[in-house]
Amino acid sequence: MTVVAVTGKGGTGKTILSALLIHFISQRTTSVLAVDADPDSNLPDALGVAELVEKTLGDIREVFQVSRDEMGSTNKEQWLEGKIYGEAICECDTFDLIVMGRPEGEGCYCYANNLLRGVLRRLMRHYDYIIIDSEAGLEHFSRKTIDSADYIIVVTDMSKKGLATAKRIKELSEELDLGFKDIFLVGNRIANKEAEDVIRRFADEIGMKVLDFLPYDETIAELDLRGEPVINLPETSEYYQKAKKIADMIVELHAESVTK
Ligand SMILES: Nc1ncnc2c1ncn2[C@@H]1O[C@H](COP(=O)(O)OP(=O)(O)OP(=O)(O)O)[C@@H](O)[C@H]1O
Ligand SMILES: [Mg+2]
């Protein structure tokens with residue numbers, strides 16, 4: 001099992017990159033779980049599978065929260081597991097998808113979250129690849145709903161804020177003790193060599209490896225505007241080819257971890 005979390009400042013291109021990574025990796029294996037961990041969920045749209053999503057994990061947690069006192073001797077973990085497998089895992093053609101949904105409402109959700117953590121941990125073990133489209137705060141990791149990641153890919157644009165967020169994420173991921181093997185930086189919508197140099201220097205300073213620089217791609221913007229999935233990006237696009245290369249690298253890292 002190889003867990004990859006894609007994160008970074010808001011609007012830097014996390015969802016687009018996550019969607020393409022899921023697309024490419026799931027062309028090589030069917031053992032992929034896509035996780036939309038952003039409360040403002042849009043990974044299903046980017047993948048073109050939004051109509052298949054029935055319920056989010058958050059929806060199920062809410063039902064559990066209001067009905068748990070009436071469950072009597074029902075095994076609550078099994079109940080949650082059944083609901084999640086039955087209603088929250090969306091089986092798409094070449095991958096499965098789970099949407100975490102909105103954060104919990106008022107009240108104490110510790111018990112529900114503790115159970116969820118166990119269910120998620122077991123669920124993730126069924127897959128070779130888990131690709132998580134996360135938000136900048138690594139919320140699910142901070143709360144430990146998801147408690148590990150092997151690789152963290154931080155997406156940044158050319159802004160100072162994007163880089164500052166990358167630094168914060170690096171520090172946070174170390175504090176959270178996620179047991180990650182590597183943390184990478186990807187520059188997105190990078191227009192020139194100067195910007196690449198600035199990002200490279202910054203990455204060196206904070207001890208992150210730069211994976212690649214992705215260009216601004218008009219077709220991505222057009223697809224988005226038309227509400228079409230980004231996986232329809234033409235093969236000739238430089239962004240497409242570069243994202244494919246990152247997906248290939250993840251597959252190689254996974255293969256290495258399996259043979260070790
Ligand atoms: N390389 C690119 N070229 C052109 N447009 C891009 C590129 N990358 C991302 N975009 C556009 O930028 C916007 C934000 O991208 P995306 O939704 O992937 O970012 P995000 O980091 O997931 O945002 P959020 O923090 O809101 O979840 C989208 O409209 C997307 O189409
Ligand atoms: Mg997003």
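Ligands are counted one by one from 1 in listed order, and the atoms in each one are counted from 1 as well.
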* To do: Quick one: look up the protein heavy atom nearest atom 22 (O) of ligand 1 and list residue, atom name and how far away it is.
  => Thr15 OG1, 2.7 Å
* To do: Provide, to 0.1 Å, the distance between atom 16 (P) of ligand 1 and the closest protein heavy atom, together with that atom's residue and name.
  => Gly13 CA, 3.7 Å
* To do: Taking Lys242 for its side chain and Phe213 for its backbone only, find out whether a donor-acceptor pair lies under 3.5 Å.
  => yes
* Asked: When the aromatic ring centroids of Tyr109 and Phe64 are compared, is their separation below 6.0 Å?
  -> no
* Path from Ile146 to Tyr129 over hydrophobic side-chain contacts below 4.5 Å -> no
* Would you say Thr12 has any N or O atom under 3.5 Å from an N or O of ligand 1, going by distance alone? -> yes
* Contact atoms of ligand 1, heavy-atom distance to Gly10 under 4.0 Å -> 25 (O)
* **Per-atom contacts, ligand 1 versus Asp224 - under 4.0 Å to a heavy atom** => 28 (C), 29 (O), 30 (C), 31 (O)
* Structure fact -> Candidates Gly187, Gly11, Ala243, Gly8; heavy atom nearest atom 23 (O) of ligand 1 found on Gly11
* Quick one: which of Ile16, Leu214, Asp217, Asn188 has a heavy atom closest to atom 7 (C) of ligand 1? -> Asn188
* Just wondering, is there an N, O or S atom on Thr15 that's nearer than 2.8 Å to the Mg ion (ligand 2)? -> yes
* Asked: Does a salt bridge link Asp182 with Lys209, judged by any charged N lying under 4.0 Å from a carboxylate O?
  -> yes
* Asked: Looking at atom 5 (N) of ligand 1, what's its closest protein heavy atom, distance included?
  -> Ile220 CG2, 3.8 Å
* To do: I would like to know whether Asp45 and Leu43 meet side-chain contact (heavy atoms from CB on, under 4.5 Å); could you show each step before the answer?
  => CA-CA 5 Å; Asp45 283 311; Leu43 183 65; over 6 Å; no
* To do: Please answer: with hydrophobic residues joined when any side-chain heavy atoms are less than 4.5 Å apart, are Tyr85 and Val53 in the same cluster?
  => no
* Would you check the N or O atoms of Tyr216, main chain and side chain alike, for any that come under 3.5 Å of an N or O of ligand 1? => no
* Asked: Can you tell me if Asp38 and Ser41 form a side-chain donor-acceptor pair at under 3.5 Å?
  -> no
* Considering only heavy atoms of Tyr239, which atoms of ligand 1 have at least one such atom less than 4.0 Å away? -> 1 (N)
* Going by the atom numbers of ligand 1, which of them fall below 4.0 Å from some non-hydrogen atom of Asp38? -> 27 (O)
* **Val35-Val155 co-clustered via ILVMFWY side chain contacts under 4.5 Å** => no
* Could you walk me through whether Phe180 and Tyr151 pass side-chain contact (heavy atoms from CB on, under 4.5 Å), step by step? => CA-CA 6 Å; Phe180 63 92; Tyr151 301 101; over 6 Å; no
* Asked: What protein heavy atom sits nearest atom 2 (C) of ligand 1, and how far off is it?
  -> Arg189 CG, 3.6 Å
* In terms of side-chain geometry, is the basic nitrogen of Arg28 or Asp248 positioned less than 4.0 Å from the acidic oxygen of its partner? -> yes
* Considering only non-hydrogen protein atoms, determine which one is nearest to atom 20 (P) of ligand 1 and report residue, atom name and distance to 0.1 Å. => Lys14 N, 3.5 Å
* Asked: Are Pro215 and ligand 1 in contact, using a heavy-atom cut-off of under 4.0 Å?
  -> yes
